[in-house]
Amino acid sequence: MVVMTVVVVVRSYVLPSSVQQKWDAFAAAYLAENPQRRLQYIPHMGTAEMQVVLGESRYFFTVTTAMMCVLHRFAFGQEFSLRELQDETAIPDKDLKRTLFSLISPLQGSRVGLLVKQPVKGKFEPTDRFSVNAAFASRLRKIRVPALPYPPPRKQRQPTSSSSSSSSTGGAMME
């Protein structure tokens, strides 16, 4: 009898230092209590709650781990390029674009996104710049930021029928 063990290497992000310290402390305490177990951090499966102060308003965002890593960068700078964010967070390109698309899209209770992309139009390029949207305002204080697909799905056109008999019968053949 052959027993195989499969170890999956998960993608890893560069976590903010305060989060990394808390994770290390938790992992050490957990493994000291349960030495026979193995603890593995899977960043793309997690969520975080962040308190963000914009102007006079305070918001609580529930975000993915990748969004937390990106938003945390803006506590230390006004504007970042796509390339700078990728270098500093180590988030894979596809995941980073999906994360940024989610953050620039309008959120619950708001007509604008939390971040602004320059230039506004077009696909994501390494030189695109991102900054916190000063115009962001929401009637909600607790906001869940959904992870949206990138690129956004295109609306499919409904096929048109040239035959009036098939459209009136729902496409069924009548004899």
Side-chain angles (χ1 to χ4, degrees), residues 6-24 26-27 39-55 57-158:
V6 178
V7 176
V8 178
V9 177
V10 297
R11 53 189 169 223
S12 183
Y13 307 154
V14 175
L15 295 173
S17 60
S18 59
V19 174
Q20 185 67 50
Q21 290 171 357
K22 287 179 175 66
W23 167 253
D24 292 340
F26 170 77
L39 192 60
Q40 186 173 10
Y41 178 64
I42 306 174
H44 62 279
M45 298 288 288
T47 60
E49 280 200 9
M50 296 186 73
Q51 178 180 326
V52 178
V53 178
L54 297 171
S57 300
R58 182 178 304 214
Y59 299 99
F60 296 91
F61 293 100
T62 302
V63 296
T64 64
T65 306
M67 289 179 201
M68 176 198 59
C69 293
V70 168
L71 289 174
H72 190 267
R73 297 303 315 145
F74 288 97
F76 303 104
Q78 300 294 324
E79 186 176 87
F80 295 95
S81 71
L82 178 66
R83 182 176 292 128
E84 289 170 336
L85 287 171
Q86 192 166 28
D87 291 345
E88 293 174 11
T89 61
I91 299 172
D93 186 56
K94 182 179 172 186
D95 293 342
L96 182 60
K97 289 178 180 177
R98 180 178 31 237
T99 296
L100 290 169
F101 182 72
S102 297
L103 292 170
I104 65 173
S105 298
L107 301 176
Q108 279 179 319
S110 178
R111 294 184 178 179
V112 295
L114 185 56
L115 297 182
V116 177
K117 174 184 173 285
Q118 293 296 330
V120 176
K121 301 279 185 201
K123 294 182 178 182
F124 286 107
E125 299 295 333
T127 56
D128 289 351
R129 308 291 297 174
F130 297 88
S131 60
V132 175
N133 188 352
F136 180 83
S138 175
R139 57 182 165 72
L140 303 174
R141 293 294 165 234
K142 288 188 174 187
I143 302 169
R144 183 183 168 277
V145 182
L148 301 174
Y150 180 80
R154 293 184 178 191
K155 294 181 181 176
Q156 295 182 0
R157 292 180 50 162
Q158 296 294 331

Taking side chain as C-beta onward, heavy atoms only, is [X] less than 4.5 Å from [Y]?
X	Y	result
Leu82	Lys97	yes
Leu103	Val145	yes
Phe26	Leu39	yes
Leu148	Arg98	no
Val112	Asn133	yes

Can you give the donor-acceptor pairs under 3.5 Å from side chains of residues 64-71 to other protein atoms, not counting sequence neighbours?
unit_1, atom_1, unit_2, atom_2, d
Thr64, OG1, Met67, N, 3.2
Thr65, OG1, Pro43, O, 2.9
Thr65, OG1, Gly46, O, 3.4

Is a side-chain N or O of [X] found less than 3.5 angstrom from the main chain of [Y], in a donor-acceptor match?
X	Y	answer
Arg58	Gly55	no
Tyr150	Ser102	no
Glu84	Ser81	yes

Partners of [X] by side-chain hydrogen bond (donor to acceptor under 3.5 Å, both in side chains), sequence neighbours excluded?
X	result
Glu49	none
Gln20	Asp24
Asp128	Lys117

Applied to residues 60-76, the salt bridge (charged side-chain N to carboxylate O under 4.0 Å, His left out) test, sequence neighbours excluded, yields Arg73-Glu88
Measure the [atom1]-[atom2] distance between [X] and [Y] for me, rounded to the nearest 0.5 Å.
X	Y	atom1	atom2	result
Leu115	Leu85	CG	CG	8.5 Å
Gln118	Phe130	CD	CZ	10.0 Å
Thr99	Ile104	OG1	CD1	11.5 Å
Tyr59	Ile143	OH	CD1	6.5 Å
Thr47	Met45	OG1	CE	10.5 Å

So side chain to side chain donor-acceptor pair (under 3.5 Å) across residues 104-116, not counting sequence neighbours, yields none
For Gln78, I'd like to know if atom CD has over 12 heavy atoms of other residues, nucleotides or ligands within 6.0 Å.
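Counting neighbours around CD of Gln78, 12 or fewer heavy atoms of other residues, nucleotides or ligands fall under 6.0 Å, so no.
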Margin query: Could you check whether Arg83 pairs with Glu125 (Lys NZ or Arg NE/NH1/NH2 to Asp/Glu carboxylate O, under 4.0 Å)?
Written below: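 Salt bridge between Arg83 and Glu125, a charged N being under 4.0 Å from a carboxylate O: no.
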**Request:** May I ask you to decide if the ring planes of Phe136 and Phe61 are parallel, tilted or perpendicular, using 30° and 60° as cut-offs?
**Result:**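 Tilted.
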Parallel, tilted or perpendicular: rings of Phe80 and Phe74 (30°, 60°): perpendicular
